[in-house]
K.L.:
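One structure coming up, written as structure tokens, with questions to follow.
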Amino acid sequence: MTHISSSFLEENYLKIKEDSISGRWITLTDIEPLYFDLQNSKIETKIIGESEQQRAIYQLKFGTGEKRILIWSQMHGNESTGTKAVFDFLNFIKRFPDHEITQGIVNNCSITIVPMLNPDGARAYTRVNANNIDLNRDAVELQAKESKLLRKILEEVNPKFCFNLHDQRTIFGVEGTTNTATISFLAPSEEETRKITEGRKETMNVIVAMNKLLQEIIPNHIGRYTDEFYPTATGDNFQKIGHNTILIEAGHFPDDYDREEVRKYNFYALLQGIYHISINNDFSSYQDYLAIPNNIKNFYDVIYRSKNNEKDVAFQYVETIENGKFALVLTKEKEGNLSSYLAHKEFIKNS
């Protein structure tokens, strides 16, 4: 299984990173200038619809190959790490046009990207859209304009593979370690028994390639998200109807609440996954996916430790917008013996 040189990525990332967007609160206003910057490139940019509050939803397309790939980010408005990674990926394509990775991708794949599916939620920094609908639970009823638009794009593109980009909370760690789950992957189930279908095997195969690369750079910081079947979820339904859907969950890395380190690893995974698809025709090998440790909920943001852990106190940050700026507000979550939990920061109580 061929994967990209990790040293090449690490040496060149600062040339690739899209510096005009950073932090957690990414809105349409932040990324719209980047669409205009693409107009002189080979990446086609157009508005394909509007959100419930009439904000533009953009689509980007490039590549001439037969392998069709669909990518979307920020279907949850407050999950922006994938959006940053998408623009890093586009910068790679623009700045390394003659590299074998780029050539493999553009010659063998046709890629469609929706960098921000939920611009209303992004503006308000909420998971849901303007009508309080979770787009990731609207794949069956299709109540929201944004959900209908994504389904329309899916039918038009008819992709072999999809990348569904999300953020996960700071509560997740990697089972069997004391590490945070910095990136987590999922090959969604198609029904309640979680049967490993041929489509899921192909999805798992791509994840194996992404995991192998990341394990070289951030070993033991990669988790496997639960494959519990959600009947109304986007990934589960897309996988079910024959579009292999790779879920990437961007999580926490030590001292990286802005997720600027994590965006880098998200970009690496995305680039590796697409490159793997571009140069391979056999996606049958999947067993190594099952060896990726599970995500587990074993972290708090802060724990104040007491003697014998009898009166430990755990706190979690609540993400919010205050006076037009992103803010983290520390709130008390739990008290008692928390010896089975870890924290991103720990303190010893004096009494």
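Not measured: the values here are computed from a predicted model.
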K.L.:
Are F299 and Y341 joined in one hydrophobic group, where the rule is that I, L, V, M, F, W and Y side chains link up if heavy atoms are under 4.5 Å apart?
P.N.:
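In one cluster: no.
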K.L.:
Could you walk me through whether I113 and L90 pass the side chain to side chain contact (heavy atoms under 4.5 Å, CB included) test, one step at a time?
P.N.:
CA-CA 10 Å; I113 306 174; L90 293 170; 3.9 Å; yes
K.L.:
Quick one: are E44 and L38 in side-chain contact, heavy atoms under 4.5 Å?
P.N.:
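Counting from C-beta outward, E44 and L38 never come under 4.5 Å.
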K.L.:
Less than 3.5 Å apart, any donor N or O on the side chain of E216 or S6 sitting next to an acceptor on the other?
P.N.:
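Distance-only check passes for E216 and S6.
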K.L.:
Between T182 and V174, is a side chain to side chain contact (heavy atoms under 4.5 Å, CB included) present by the stated rule, with each step listed?
P.N.:
CA-CA 9 Å; T182 299; V174 177; over 6 Å; no
K.L.:
Determine which pairs satisfy salt bridge (Lys or Arg N to Asp or Glu O under 4.0 Å) with at least one residue from residues 49-74, sequence neighbours left out, and list them in order.
P.N.:
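Passing the test, one end in residues 49-74: R55-D120.
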K.L.:
Are the side chains of F172 and I296 in contact, using a 4.5 Å heavy-atom criterion?
P.N.:
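A side-chain contact under 4.5 Å is absent here.
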K.L.:
Is the shortest heavy-atom distance from the side chain of I57 to the side chain of P119 under 4.5 Å?
P.N.:
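I57 vs P119: side chains touch.
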K.L.:
Could you tell me if N237 and K240 have a donor-acceptor pair between their side chains, going purely by distance under 3.5 Å?
P.N.:
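No - no donor-acceptor pair under 3.5 Å links their side chains.
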K.L.:
Indicate yes or no: at least one non-hydrogen side-chain atom of Y304 is less than 4.5 angstrom from one of F315.
P.N.:
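Answer yes - side chains close enough.
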K.L.:
Say you draw a straight line from CG of L247 to CG of L165; how long is it, rounded to the nearest 0.5 Å?
P.N.:
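Rounded to the nearest 0.5 Å, the CG-CG separation comes out at 8.5 Å.
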K.L.:
Can you list the steps and then say if D167 with R259 is a salt bridge (Lys or Arg N to Asp or Glu O under 4.0 Å)?
P.N.:
CA-CA 10 Å; D167 280 42; R259 299 207 170 164; 3.1 Å; yes
K.L.:
Should the ring pair H243 and F238 be called parallel, tilted or perpendicular, given that the plane angle runs from 0 to 90° and is split at 30 and 60?
P.N.:
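Perpendicular, since the angle between the ring planes exceeds 60°.
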K.L.:
If we only count heavy atoms from C-beta on, is the S73 to P115 side-chain gap below 4.5 Å?
P.N.:
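Contact flag for S73/P115 side chains = no.
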K.L.:
Suppose we call two aromatic rings close when their centres sit under 6.0 Å apart. Are Y265 and Y13 close by that rule?
P.N.:
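Ring-ring flag for Y265/Y13: false, centres at least 6.0 Å apart.
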K.L.:
If you measure from CG on D88 to CZ on F92, what distance do you get to the nearest 0.5 Å?
P.N.:
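With rounding to 0.5 Å, CG (D88) is 11.5 Å from CZ (F92).
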K.L.:
Are side-chain N/O atoms of H344 and D255 paired as donor and acceptor at under 3.5 Å?
P.N.:
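There is no such pair (donor and acceptor under 3.5 Å, judged by atom type) between the side chains of H344 and D255.
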K.L.:
Taking atom CG of D236 and atom CD of E228, what is their separation to the nearest 0.5 Å?
P.N.:
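Separation between the atoms: 9.5 Å.
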K.L.:
Rounded to the nearest 0.5 Å, how far apart are CG of D256 and OG1 of T81?
P.N.:
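That separation rounds to 8.5 Å.
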K.L.:
Side chains of T245 and N164 only: does a donor on one sit below 3.5 Å from an acceptor on the other?
P.N.:
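N164 and T245 do not have a side-chain donor-acceptor pair below 3.5 Å.
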K.L.:
Any side-chain heavy atom of K345 within less than 4.5 Å of one from D301?
P.N.:
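A side-chain contact is absent here, since even the closest heavy-atom pair is not under 4.5 Å.
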K.L.:
Could you tell me whether the side chains of E190 and T197 share a donor-acceptor contact shorter than 3.5 Å?
P.N.:
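On atom types as modelled, these side chains qualify, holding a pair under 3.5 Å.
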K.L.:
Does K94, at its NZ atom, have more than 12 non-hydrogen atoms belonging to other residues, nucleotides or ligands within less than 6.0 Å?
P.N.:
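Correct, the count exceeds 12.
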K.L.:
Can you tell me how far apart CG (L270) and OH (Y275) are? Round to the nearest 0.5 Å.
P.N.:
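Interatomic distance, L270 CG to Y275 OH, rounded to 0.5 Å: 15.0 Å.
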K.L.:
Calculate, to the nearest 0.5 Å, the distance between atoms CH2 and CD1 belonging to W25 and I21 respectively.
P.N.:
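Taking CH2 in W25 and CD1 in I21, the distance rounds to 15.0 Å.
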K.L.:
Before accepting this row, confirm whether a basic side-chain N of the pair E335/K332 lies closer than 4.0 Å to the acidic partner's carboxylate O.
P.N.:
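Salt bridge: yes.
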K.L.:
Would you kindly say whether T177 and N220 are connected by a side-chain donor-acceptor distance under 3.5 Å?
P.N.:
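Checked: T177/N220 side chains show no N/O donor-acceptor pair below 3.5 Å.
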K.L.:
Could you check whether S306 and D312, counting side-chain N and O atoms only, form a donor-acceptor pair closer than 3.5 Å?
P.N.:
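Yes, side-chain donor-acceptor contact under 3.5 Å.
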K.L.:
Under a 3.5 Å threshold, yes or no: a donor from one side chain and an acceptor from the other, between S20 and E18?
P.N.:
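On atom types as modelled, these side chains qualify, holding a pair under 3.5 Å.
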K.L.:
Are Y257 and Y317 an aromatic pair by the rule of ring centers under 6.0 Å?
P.N.:
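Here the rings of Y317 and Y257 have centres that are less than 6.0 Å from each other.
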K.L.:
Would you please classify the geometry between the F253 ring and the H221 ring as parallel, tilted or perpendicular, with 30° and 60° separating the classes?
P.N.:
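Plane angle between 30° and 60°, so tilted.
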K.L.:
So, F326 versus Y125, ring centres under 6.0 angstrom or not?
P.N.:
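Yes.
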K.L.:
Are any of the side-chain heavy atoms of V114 and I71 separated by less than 4.5 Å?
P.N.:
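No - every pair of side-chain heavy atoms lies 4.5 Å or more apart.
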K.L.:
Does the side chain of M116 come within less than 4.5 Å of Y58's, by heavy atoms?
P.N.:
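Not in contact.
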K.L.:
Is the distance between the ring centroids of F283 and F161 less than 6.0 Å?
P.N.:
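They qualify: ring centres under 6.0 Å apart.
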K.L.:
Quick one: do E191 and T193 satisfy side chain to side chain donor-acceptor pair (under 3.5 Å)? Show the steps, please.
P.N.:
CA-CA 6 Å; E191 35 73 52; T193 69; 2.4 Å; yes
K.L.:
How about Q272 and Y268: does a side-chain donor come under 3.5 Å of a side-chain acceptor?
P.N.:
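There is no such pair (donor and acceptor under 3.5 Å, judged by atom type) between the side chains of Q272 and Y268.
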K.L.:
Is a donor from one side chain sitting under 3.5 angstrom from an acceptor on the other, for S80 and Q74?
P.N.:
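Not at all, the side chains of S80 and Q74 share no donor-acceptor pair under 3.5 Å.
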K.L.:
Verify the distance criterion only: is there a donor paired with an acceptor across the side chains of H166 and E79 at less than 3.5 Å?
P.N.:
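Yes.
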K.L.:
Less than 4.0 Å between a side-chain N and a carboxylate O, is that true for E260 and K17?
P.N.:
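Salt bridge: yes.
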K.L.:
For D227, is there an ion pair with R200 - N to carboxylate O distance below 4.0 angstrom?
P.N.:
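Salt bridge flag = yes for D227 with R200.
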K.L.:
Whether the S284 and E202 side chains hold a donor-acceptor pair (N or O, under 3.5 Å, no angle test) is what I'd like checked.
P.N.:
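E202 and S284 do not have a side-chain donor-acceptor pair below 3.5 Å.
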K.L.:
With a 3.5 Å cut-off and no angle check, do the side chains of D138 and S147 form a donor-acceptor pair?
P.N.:
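Yes, because at least one side-chain N or O of D138 sits under 3.5 Å from a partner of the opposite role on S147.
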K.L.:
Measuring centre to centre across the rings, with the benzene-like ring taken for any Trp, is F185 within less than 6.0 Å of Y289?
P.N.:
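Centroid separation for F185 and Y289: 6.0 Å or greater.
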K.L.:
Applying salt bridge (Lys or Arg N to Asp or Glu O under 4.0 Å), can you list everything that pairs with K42, at least two apart in sequence or on another chain?
P.N.:
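K42 satisfies salt bridge (Lys or Arg N to Asp or Glu O under 4.0 Å) with no residue once adjacent residues are dropped.
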K.L.:
Is the closest side-chain donor-acceptor distance between H76 and D134 under 3.5 Å?
P.N.:
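H76 vs D134: donor-acceptor pair found between side chains.
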K.L.:
Test I303 against R305 for side chain to side chain contact (heavy atoms under 4.5 Å, CB included), laying out the working first.
P.N.:
CA-CA 6 Å; I303 293 179; R305 297 289 187 190; 3.7 Å; yes
K.L.:
Of the options I105, I16, N266, which is the one that meets F89 in a side chain to side chain contact (heavy atoms under 4.5 Å, CB included)?
P.N.:
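Running side chain to side chain contact (heavy atoms under 4.5 Å, CB included) over I105, I16, N266 with F89 returns exactly one hit, I105.
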K.L.:
Indicate whether the side chain of H252 and that of Q168 have a donor and an acceptor atom separated by less than 3.5 Å.
P.N.:
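Absent: no donor and acceptor within the cut-off.
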K.L.:
Less than 3.5 Å apart, any donor N or O on the side chain of Y300 or E333 sitting next to an acceptor on the other?
P.N.:
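No pair is found: no donor N or O on one side chain lies under 3.5 Å from an acceptor on the other.
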K.L.:
Before accepting this row, confirm whether a basic side-chain N of the pair R24/E319 lies closer than 4.0 Å to the acidic partner's carboxylate O.
P.N.:
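Yes.
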